[in-house]
Amino acid sequence: GSWYGPGAAVWDAASGERVADLPLAGMSHIEFSPDGAWLATSDVEAVRVWATGTWRQARQSLQIVSLLGFSPDGRLLVAAPDRTRIRLIDFATLEEVATLEPPESYYTTECAFNPDGTLLAQFTNRNGVVHLWDLRQIRAELATIGLDWDHPPYPYSARDTPVPWQVSIDPGPGGLEQP
């Protein structure tokens, strides 16, 4: 992507050859899909999706965002339209499925999913402030009112099963003293 001028150049990492010049307007943000089949770009006009290899534009949305990122399964794009709110966009349709509004309006510097895509961290410019979104819980709550997005539910894993707390007291060599 470019911070200073229009367009984005695509380079072959192995050969160093420039393989494509993408016509983008102004400053742009780019992100490859997890499978490498797609490149999502955002500029001052739209979000566009390009097929890697041919570098032909496959689709676009007139949403303007300042940050892009893919979920690990490639089904969602995370976008920050105004650097405070986070939008989750269905990658297949480029339609918004949810907007996440943090309790404070700190500037978003980066977003990252955990490996299974159920948690989303929103890093901010405020020292030490990270908003953590539990997408499994959000979807469960949306489902109860008929607003969950049209993706398969997140699978549960052993880490999702609550483990009851167990407390044991070691009285030590002298035992417990009674007051």
Side-chain angles (χ1 to χ4, degrees), residues 1 24 27-52 57-168:
L24 301 174
M27 186 171 64
S28 57
H29 300 272
I30 62 171
E31 182 80 19
F32 281 96
S33 63
D35 64 3
W38 304 100
L39 179 70
T41 64
S42 173
D43 60 20
V44 297
E45 295 176 346
V47 172
R48 294 177 176 84
V49 175
W50 310 84
T52 59
Q57 184 176 316
R59 56 190 175 277
Q60 81 173 32
S61 167
L62 295 180
Q63 299 180 52
I64 300 171
V65 300
S66 57
L67 176 73
L68 282 174
F70 275 94
S71 62
D73 64 6
R75 289 190 173 127
L76 290 175
L77 277 172
V78 61
D82 58 13
R83 289 290 195 163
T84 56
R85 292 174 295 140
I86 299 297
R87 287 189 179 155
L88 298 177
I89 300 169
D90 181 304
F91 177 66
T93 64
L94 295 183
E95 297 291 324
E96 182 178 328
V97 297
T99 297
L100 307 174
E101 294 195 23
E104 307 94 6
S105 58
Y106 301 137
Y107 189 84
T108 302
T109 58
E110 190 64 51
C111 288
F113 287 91
N114 71 331
D116 69 4
T118 59
L119 298 174
L120 176 64
Q122 176 188 11
F123 301 92
T124 72
N125 67 334
R126 182 74 176 210
N127 190 23
V129 175
V130 176
H131 298 118
L132 189 61
W133 304 95
D134 183 340
L135 299 182
R136 181 179 289 125
Q137 182 64 36
I138 290 169
R139 287 189 65 191
E141 291 178 26
L142 288 173
T144 64
I145 57 174
L147 294 176
D148 188 19
W149 54 87
D150 189 26
H151 288 178
Y154 293 120
Y156 282 90
S157 66
R159 76 169 175 83
D160 301 315
T161 305
V163 177
W165 286 79
Q166 295 181 355
V167 177
S168 61

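These numbers were taken from a predicted model, which means no experiment stands behind them.
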Taking every non-hydrogen atom, the tightest pair across [X] and [Y]:
X      : Y      : result
Phe113 : Pro72  : CB-CD, 3.6 Å
Gly117 : Leu135 : O-CD1, 3.7 Å
Pro102 : Leu100 : CD-O, 3.6 Å
Leu94  : Gln60  : CD1-C, 3.6 Å

With a 4.5 Å heavy-atom cut-off, do [X] and [Y] have their side chains touching?
X      : Y      : answer
Tyr154 : Gln137 : no
Pro152 : Arg75  : yes
Phe70  : Leu77  : yes
Gln122 : Val78  : no
Trp149 : Asp90  : no

Parallel, tilted or perpendicular: which fits the ring planes of His131 and Tyr106, with parallel below 30° and perpendicular above 60°?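 The arrangement is parallel - the two ring planes meet at less than 30°.
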Please tabulate, one pair per line, all N/O donor-acceptor pairs under 3.5 Å involving side-chain atoms of residues 34-41, not counting sequence neighbours.
unit_1: Asp35; atom_1: OD1; unit_2: Ser33; atom_2: OG; d: 2.6
unit_1: Asp35; atom_1: OD1; unit_2: Ala37; atom_2: N; d: 2.9
unit_1: Thr41; atom_1: OG1; unit_2: Trp50; atom_2: NE1; d: 3.0

Straight-line distance of [X] [atom1] to [Y] [atom2], nearest 0.5 Å:
X      : Y      : atom1 : atom2 : result
Ile86  : Leu120 : CD1   : CG    : 6.5 Å
Ile30  : Asp43  : CD1   : CG    : 12.0 Å
Thr99  : Leu88  : OG1   : CG    : 8.0 Å
Arg85  : Thr108 : CZ    : OG1   : 10.5 Å
Glu101 : Arg87  : CD    : CZ    : 9.5 Å

List the residues meeting side-chain contact (heavy atoms from CB on, under 4.5 Å) with Leu132, not counting sequence neighbours, and say none if there are none.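 By the side-chain contact (heavy atoms from CB on, under 4.5 Å) rule, Leu132 matches Leu119, Ala121.
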Side-chain donor/acceptor of Arg139 to backbone N/O of His151, under 3.5 Å: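 Yes, Arg139 side chain to His151 backbone: donor-acceptor pair under 3.5 Å.
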